[in-house]
Amino acid sequence: MKKILMAIASVVLACGIGFAAMGCSEKGDIAKYTREEGSGTRDAFMELAGIETMSDEAAVSQGTDALMTAVAGNKKAIGYVSLGSVNSTIKKVKIENVEATAENIIAGTYKLSRPFNVAYKQATLDSNETLQELMEFIYSKEGQTIVSEDYVSETLETAPVYTVPETAPTASVKISGSTSVTPLMEKLVEAFCEASGVAASKIEINGNGSGAGMTDAASGTSDLGMASRAVKDSELAQGLTAKEIALDGIAIIVNTANPVENLTLANLKAIYTDEVKNWSDLSVQF
């Protein structure tokens, strides 16, 4: 028994003075939040920040709203969400001294930006008049004006005016995919139904993640998939056609009580790979 107690005491002492050889590690006070695997926002964030493997210490949030709620409730938290989803419950952090804004995304000075895409099978589009009409509306002046309210439209200036059909189509449309794209799609669908006369009950939207949305569109479970990232070659190989509907920034967010104002891409990589575990290591004092 005495030997066992002495061994435990040795491990505790080693942990206290930081001997990595003893298999001990300090968790630190930075509360990292990330999205679930399959999230387009997670994939894009990791690629843009140069992160190959996400920290095991990062708490996984299922969806944009869940992540923002988590960060809003933890003074030392950090996370990332779609720029268009940011609200007053959390605080945006500049990256490389550049704020996440539509203007800076267009200028190319804000480095954490990615496309919002939709994808479909051509046969599905050809056979569904409601889906055809919806796609026409999304790329119209009216649709891209809605995009530009919270995101970046690259085609607004040249987009054609939407032509209202003489008779509203009646086919149903199922849409699934990215929870980051979902709020924008909901606005587009609401405006589309009002403009075209298509019954709102004919269009169903399910936010279940970018990967799931691409799988759904490829399998026919959904008519239209949403992805908050580039559509992968492996997904296109399943017969999908992808189109960009908007550009979006990935906003780095912290709790409103956090004094940090600016981080670098290197800081983000260090935080999410556990090279940096404490806010004090980044000269942030609470």
Subject >> Residue list, salt bridge (Lys or Arg N to Asp or Glu O under 4.0 Å) with K174, at least two apart or on another chain >> reply: none

Original post:
Just how far is it from atom OG of S113 to atom CD1 of I95, taken to the nearest 0.5 Å?
Top reply: 12.5 Å

**OP:** Determine, using the 4.5 Å side-chain heavy-atom cutoff (strictly less than), whether V260 and F286 are members of one ILVMFWY cluster.
**Re:** yes

Subject >> Exercise: identify the closest heavy-atom pair between D150 and K187 >> reply: OD2-NZ, 2.7 Å

Original post:
Minimum heavy-atom separation for I105 to G249, with atom names?
Top reply: CD1-N, 3.3 Å

Original post:
Short question: side chain of N117, backbone of A227 - any donor-acceptor pair under 3.5 Å?
Top reply: no

Original post:
How many angstroms lie between CG in L67 and CD1 in I90, if you round to the nearest 0.5 Å?
Top reply: 9.5 Å

Original post:
Of the options R35, Q62, E36, which is the one that meets T179 in a side chain to side chain donor-acceptor pair (under 3.5 Å)?
Top reply: R35

Subject >> N/O donor-acceptor pair under 3.5 Å between Y272 side chain and Y33 backbone >> reply: yes

Original post:
Taking it one step at a time, do I138 and K243 satisfy side chain to side chain contact (heavy atoms under 4.5 Å, CB included)?
Top reply: CA-CA 11 Å; I138 288 174; K243 287 193 173 183; over 6 Å; no

Subject >> Main-chain N/O of A171 paired with T130 side-chain donor or acceptor, under 3.5 Å >> reply: yes

Original post:
If you measure from OG on S228 to CG on D248, what distance do you get to the nearest 0.5 Å?
Top reply: 8.0 Å

Subject >> Side-chain H-bond candidate by donor/acceptor type, N208 with D216, under 3.5 Å >> reply: yes

Original post:
With the threshold set at 4.0 Å, does a side-chain nitrogen-carboxylate oxygen contact exist between D274 and K32?
Top reply: yes

Subject >> Nearest-0.5 Å distance, OG of residue S127 to CD of residue Q122 >> reply: 10.0 Å

Subject >> Which residues share a salt bridge (Lys or Arg N to Asp or Glu O under 4.0 Å) with E99, sequence neighbours left out >> reply: K92

Subject >> Distance-only side-chain donor-acceptor flag, S82 / S180, under 3.5 Å >> reply: no

**OP:** Verify, without hydrogens or angle tests, whether K91 (side chain) and N258 (backbone) share a donor-acceptor contact under 3.5 angstrom.
**Re:** yes

Original post:
Considering residues, nucleotides and ligands other than N87, do more than 12 of their heavy atoms fall under 6.0 Å from its CG?
Top reply: yes

Original post:
Considering all heavy atoms of both residues, which atom of L131 and which atom of V173 are nearest to each other, and what is their separation?
Top reply: N-CG2, 3.7 Å

Original post:
So, T64 and S85: side-chain donor and acceptor under 3.5 Å apart, yes or no?
Top reply: no

Subject >> Minimum-distance pair of heavy atoms, taken over all atoms of V147 and A246 >> reply: CG1-CB, 3.4 Å

Subject >> Distance, nearest 0.5 Å, that separates OG1 of T241 from CG of L125 >> reply: 8.5 Å

**OP:** Could you label the plane-to-plane angle of the Y162 and F192 rings as parallel, tilted or perpendicular, counting under 30° as parallel and over 60° as perpendicular?
**Re:** perpendicular

Original post:
Who passes salt bridge (Lys or Arg N to Asp or Glu O under 4.0 Å) against E235, sequence neighbours left out?
Top reply: R229

Original post:
Looking at CD1 of I51 and CG of L265, how far apart are the two atoms once the value is rounded to the nearest 0.5 Å?
Top reply: 9.5 Å

Subject >> K269 and E275 ion-paired at < 4.0 Å >> reply: no

**OP:** Tell me yes or no: between the side chains of S222 and Y120, is some donor less than 3.5 Å from an acceptor?
**Re:** no

Original post:
Is the CD atom of E190 crowded by more than 12 outside heavy atoms at less than 6.0 Å?
Top reply: no

Subject >> Polar side-chain atom of N262 near backbone of N97 as donor-acceptor pair, under 3.5 Å >> reply: yes

**OP:** Please name the pair of heavy atoms, one in M54 and one in A58, separated by the smallest distance, quoted to 0.1 Å.
**Re:** SD-CB, 4.1 Å

**OP:** For N278 and S280, test the side chains for any donor-to-acceptor distance below 3.5 angstrom and give the result as yes or no.
**Re:** no

**OP:** Examine V198 and Y139 and state if one hydrophobic cluster contains both, with Ile, Leu, Val, Met, Phe, Trp and Tyr joined whenever side-chain heavy atoms are less than 4.5 Å apart.
**Re:** yes

